[in-house]
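Written below as structure tokens is the structure these notes are about.
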Amino acid sequence: AQWEAKKAHWAPHPIMDAEIAPDTQAEGMHTGRVVIRVEALAAAPDKPPFSPLAVIALALLFNFGAAGILVGLNWKRLGKPERSWPTILLSLFGLAAFVTAAFAWPILATLADKFSYAIHGALGAFLCLWQLPYYSRWVATYGKAKTGWKGFLTALVIGLGTMLLAFLT
């Protein structure tokens, strides 16, 4: 009975996420048999994250660099700002390397031309799957994300900017 009272007291809260770990040496509150680690989530951000479908759509309509920028912006909105800049820089360097390699080796240019949608779509899907658990957690905590027309314009500007970058390299 006492264990049930403690367990009810530490039940997951909309702003708290509890993880029960069997390791009694871990940091957290000690209950005798298990250790409960509690991670506080930030309050709902002002701007909701972009949908994973928007990431794939941007990759297919423009390129995976645009999708990477959108994923980088999403990291901030999902409460993981330390992943934002590395994701953005890696996707832009990846796009520049992809375009440079396609121009340097004619065989790669032919393959990139024939399989462009598959390449960009696969890399966009990878970015989407990488962020999907965090997006699902956000939706479970705060509800369905709606970005509206400002989100669409942001994605459009990102896509056009990366296309310009691809043409300049």
Side-chain angles (χ1 to χ4, degrees), residues 12-19 37 39-169:
H13 185 270
I15 300 182
M16 305 293 280
D17 181 33
E19 172 188 337
R37 282 182 253 154
E39 174 188 334
L41 297 175
D46 296 336
K47 297 178 182 178
F50 293 96
S51 164
L53 292 177
V55 173
I56 293 176
L58 207 57
L60 290 173
L61 288 175
F62 295 104
N63 53 49
F64 68 86
I69 292 172
L70 196 63
V71 168
L73 292 176
N74 249 5
W75 282 127
K76 287 184 180 180
R77 295 176 178 202
L78 292 170
K80 298 281 185 186
E82 67 277 1
R83 294 185 180 184
S84 182
W85 278 109
T87 303
I88 291 171
L89 293 176
L90 193 62
S91 65
L92 290 177
F93 286 134
L95 178 64
F98 178 75
V99 171
T100 303
F103 281 114
W105 296 292
I107 187 73
L108 287 179
T110 304
L111 289 173
D113 186 41
K114 290 185 179 187
F115 300 107
S116 178
Y117 286 113
I119 293 168
H120 291 291
L123 291 170
F126 168 76
L127 289 168
C128 174
L129 289 174
W130 181 30
Q131 201 170 64
L132 190 60
Y134 298 96
Y135 179 80
S136 299
R137 186 178 187 184
W138 194 95
V139 169
T141 305
Y142 304 112
K144 185 95 172 124
K146 295 180 182 176
T147 53
W149 64 271
K150 288 183 181 178
F152 173 75
L153 289 178
T154 302
L156 187 66
V157 167
I158 290 170
L160 292 174
T162 56
M163 291 298 286
L164 180 63
L165 175 72
F167 285 124
L168 292 177
T169 53

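All heavy atoms count here, side chains included; hydrogens, waters and symmetry mates do not. For reference, positions follow the sequence shown, starting with 1.
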Atom pair OH (Tyr135) and CG (Leu53), whose distance is rounded to the nearest 0.5 Å: 8.0 Å
Nearest-0.5 Å distance, CG of residue Leu58 to CD1 of residue Ile56: 11.0 Å
Whether Ser84 side chain and Gly72 backbone form a donor-acceptor pair below 3.5 Å: yes
Sidechain-backbone polar pair: Arg83 side chain, Trp75 backbone, donor-acceptor under 3.5 Å: no
Euclidean distance, Leu123 CG relative to Leu95 CG, rounded to 0.5 Å: 10.0 Å
Nearest-0.5 Å distance that lies between atom CG in Leu127 and atom CD1 in Ile69: 11.0 Å
Shortest non-hydrogen contact between Leu129 and Pro133, atoms and distance: O-CD, 3.5 Å
Aromatic plane relationship, Trp138 with Tyr142 - under 30° parallel, 30 to 60° tilted, over 60° perpendicular: tilted
Side-chain (Gln131) to main-chain (Pro52) donor-acceptor, under 3.5 angstrom: no
Steps toward side chain to side chain contact (heavy atoms under 4.5 Å, CB included) verdict (Thr87, Trp130): CA-CA 11 Å; Thr87 303; Trp130 181 30; 3.4 Å; yes
Interatomic distance, Phe50 atom CZ to Leu73 atom CG [nearest 0.5 angstrom]: 6.0 Å
Spacing of Leu61 atom CG and His120 atom NE2 [to the nearest 0.5 Å]: 11.5 Å
Asn74 vs Leu70, side chain to side chain contact (heavy atoms under 4.5 Å, CB included): CA-CA, chis, key distance, verdict: CA-CA 6 Å; Asn74 249 5; Leu70 196 63; 5.6 Å; no
